[in-house]
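Reading through the structure tokens given below for one structure.
In listed order, ligands and their atoms are each counted from 1.
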Amino acid sequence: QKEVTFIMVKPDGVQRGLVGEIIKRFESRGFQLVGCKMMSPSKEHLEKHYADLKSKSFFPGLIKYMSSGPVVAMAWQGKSVVKTGRAMLGATNPLESNPGTIRGDFCIDIGRNICHGSDSVESGKHEVELWFGEKTEDYSLCTE
Ligand code: CMP
């Protein structure tokens, strides 16, 4: 199964030194890292990534927050990685995230929630293509 998801450590996660912790959790769980880069995305790129949220009142603040420092963009692959990855991140609002999840263990503010994960198999493919500029089918590390 070639399911991939896009996981991003947001600027606050990078600044707080949580990149290794987040990678460790996904690797320990058994998922495979098939793409990883540190970058400072442009506002235009972030607006594409968050296009669905354009009408929300928090959108300008979200773009500003996401532009406040470098992010670590990752593509992870494995069985049910989209759904399981979301479960590992915890609820979007950290106050509703269970302890043991990444957000539930490391943050309390929805506007500073450390990480992002694709919310469906389709958006996983779309976001990996948007951030890595490659068709997900091109990854050579695909496993059963
Ligand atoms: P993410 O998983 O990246 O998906 C959309 C992001 O919008 C979310 O995490 C939060 O960072 C942000 N977000 C969602 N709801 C709110 C809100 N009510 N106030 C501020 N930011 C929000």
query = Looking at Thr92, which atoms of ligand 1 are within less than 4.0 Å of one of its heavy atoms?
reply = 8 (C), 9 (O)

request  = Enumerate the atoms of ligand 1 whose separation from the nearest heavy atom of Leu53 is less than 4.0 angstrom.
outcome  = 5 (C), 7 (O)

ask   = Which atoms of ligand 1 sit under 4.0 Å from any heavy atom of Leu62?
value = 7 (O), 11 (O), 12 (C)

ask   = Given Tyr65, Phe58, Tyr50, Phe59, which has its nearest heavy atom closest to atom 14 (C) of ligand 1?
value = Phe58

query = Can you check whether Ile7 reaches Met88 side chain to side chain, under 4.5 Å on heavy atoms?
reply = no

key: Identified side-chain contact (heavy atoms from CB on, under 4.5 Å) counterpart of Pro94 within the set Ile114, Leu89, Ile110, Asp109   = Ile110

inquiry  = Nearest non-hydrogen contact with atom 10 (C) of ligand 1 belongs to which option: Asn93, Ile114, Ile110?
reply    = Ile110

ask   = Is Lys83 paired with Asp119 through a side-chain N to carboxylate O contact shorter than 4.0 Å?
value = no

key: Lys48/Glu44 salt bridge by N-O under 4.0 Å criterion   = no

task = Kindly confirm or rule out a cation-pi arrangement of Lys37 over Phe132, judged by NZ or CZ under 6.0 Å from the six-membered ring centre and within 45° of its axis?
result = yes

message = List ligand 1 atoms under 4.0 Å from Arg103, heavy atoms only on the residue side.
response = 2 (O)

task = Taking only heavy atoms of Lys10 into account, list the atoms of ligand 1 that are under 4.0 Å away from them.
result = 1 (P), 3 (O), 8 (C), 9 (O), 10 (C), 11 (O)

key: Trace of the ring pair (Phe, Tyr, Trp, His ring centres under 6.0 Å) decision for Phe6 with His49   = CA-CA 11 Å; Phe6 176 66; His49 173 76; 5.8 Å; yes

